[in-house]
Peer 1: 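Here you go, one structure.
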Amino acid sequence: MSASPGTARGLDGVVAAQTRLSHVDGQNGVLIIGGYELEQIAGRITFEQAAHLLWTGRIPTAEEAAALAAEIAAQRALPAVTLQVVREAAAKGAPPIDALRLACASLSLDLADPNAITPAADLAAAKMLVARFPTIVAAHARFKAGKEPIAPRADLSLAANFLYMLSGEEPDPIVARALDTYWVTVIDHGMNASTFTGRVIASTRSDMVSALTGAIGAMKGPLHGGAPGPVLDMLLDIRTAENAEPWVRAELAAGRRIMGFGHRVYKVRDPRAAVLAKVAEEMGGARMQDRALFDLARSVEKTVLRVLEEVKPGRNLQTNVEFYTALVLQSLGLAPNTFVALFACGRAAGWAAHVIEQHAQDHLIRPQSEYVGPKGLTL
Ligand code: ACO
């Protein structure tokens with residue numbers, strides 16, 4: 001159904017809020033996070049430091065960074081009720097992102113005043129949620145494998161501890177750093193669908209846990225955060241560089257989209273794809289089986305871009321963040337259906353920063369709709 005003039009379908013191009021948190025320059029392929037271009041910070045500051053940047057407006061000093069990391073580390077363990085929710089979710093076959101949504105909602109039971117929306121209450125809730133999201137995802141993976149969860153350790157970084165909770169072994173520092181860089185890379189991204197969802201909820205003066213629970217629901221769909229699992233499926237299905245072209249043409253002929261390509265804002269290559277391609281390449285250097293997948297991905301990427309340009313000319317469909325996310329996360333040994341939940345673990349810090357900002361702006365977000373239904377019906 002086409003929209004009437006003046007109607008912004010999908011709110012395309014509409015500015016819904018002012019933010020100091022991040023800026024997506026889709027024409028030039030630039031992402032600014034808290035004043036820094038992504039390439040300046042990715043791989044150079046930790047995820048906890050990046051969270052501090054968004055929550056306070058500046059990169060922390062060494063002491064501040066250590067204090068924040070320790071504060072987050074001390075809150076990693078899950079309350080019994082949340083662990084029970086995760087156990088039930090795994091038993092019922094719920095995917096990790098649904099387990100995260102359900103468990104996130106239960107975490108308000110652990111707050112002294114879950115409805116408080118002061119800056120101090122928001123920040124406390126933000127730290128608690130960022131600390132516990134990885135614990136939820138790891139516990140869910142353990143339950144799914146028929147094992148008991150591994151208690152978090154406070155002496156590891158958030159990323160290293162997540163990997164430790166999966167296997168009980170301290171991860172290779174290269175692998176932990178790759179996950180940390182991934183989380184920094186996806187920490188915030190303008191007014192994307194899940195962030196907008198979180199801000200809409202916060203704009204009603206609702207609380208941090210409610211906002212992040214809703215944001216997880218928005219992130220789940222394949223048009224937003226759910227793409228990297230299917231990207232990996234695609235690569236595994238294509239198998240060899242020669243198969244790429246007929247595979248892509250058949251998908252497009254069947255009216256399907258190629259996952260990991262196209263973006264509402266970026267009309268050039270997503271800068272996050274470049275950062276993660278580098279991380280994936282480093283991981284490939286460390287592990288032989290990843291190298292083969294990385295080489296295949298590079299070749300498939302070239303083929304997809306060429307075929308998309310031919311079949312969908314003028315749409316400027318470029319590689320997006322999810323394409324190389326798939327490679328990085330699979331090389332951590334994670335199941336594809338965990339990828340979107342891992343994305344949420346990183347984006348949680350950005351969502352929380354937007355909730356804090358929205359509460360400070362205190363303005364209800366309430367767009368209008370164009371009514372296209374019947375009128376004047378009578379019973
Ligand atoms: N493969 C094939 N065709 C595509 C793709 C794709 N990946 N993306 C867009 N198109 C086509 C559409 O079919 C449409 O074609 P048409 O003009 O012939 O109708 C045209 O390009 C424009 O598509 P829209 O849906 O209007 O573009 P929109 O900006 O709404 O879409 C989106 C952005 C949802 C990301 C889309 O590109 C897509 O579905 N990509 C695949 C899924 C994906 O990778 N999602 C992750 C996004 S990144 C993130 O959110 C973290």
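All ligand and atom numbering here is 1-based and tracks the order in the structure.
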Peer 1: Counting N and O atoms only, with roles assigned by atom type, does the side chain of Trp351 sit under 3.5 Å from a partner on the main chain of Arg199, one being a donor and the other an acceptor?
Peer 2: no
Peer 1: Give me the ring orientation class for His263 and His189: parallel if the planes are under 30° apart, tilted from 30 to 60°, perpendicular past 60°.
Peer 2: perpendicular
Peer 1: More than 12 foreign heavy atoms under 6.0 Å from NZ of Lys267: is that the case here?
Peer 2: yes
Peer 1: Determine the minimum heavy-atom distance between Arg76 and Ala131, stating which atoms define it.
Peer 2: CG-O, 3.7 Å
Peer 1: Below 4.0 Å from any atom of ligand 1, which residues have a heavy atom? Give them in chain and number order, please.
Peer 2: Pro222, Leu223, His224, Ala227, Leu252, Arg257, Ile258, Met259, Gly260, Phe261, Gly262, His263, Arg264, Leu308, Lys312, Arg315, Leu317, Asn320, Val321, Glu322, Phe343
Peer 1: If the condition is side-chain hydrogen bond (donor to acceptor under 3.5 Å, both in side chains), which residues does His140 pass it with, not counting sequence neighbours?
Peer 2: none
Peer 1: Over 60° means perpendicular and under 30° means parallel, so tell me whether His224 and Phe343 are parallel, tilted or perpendicular.
Peer 2: perpendicular
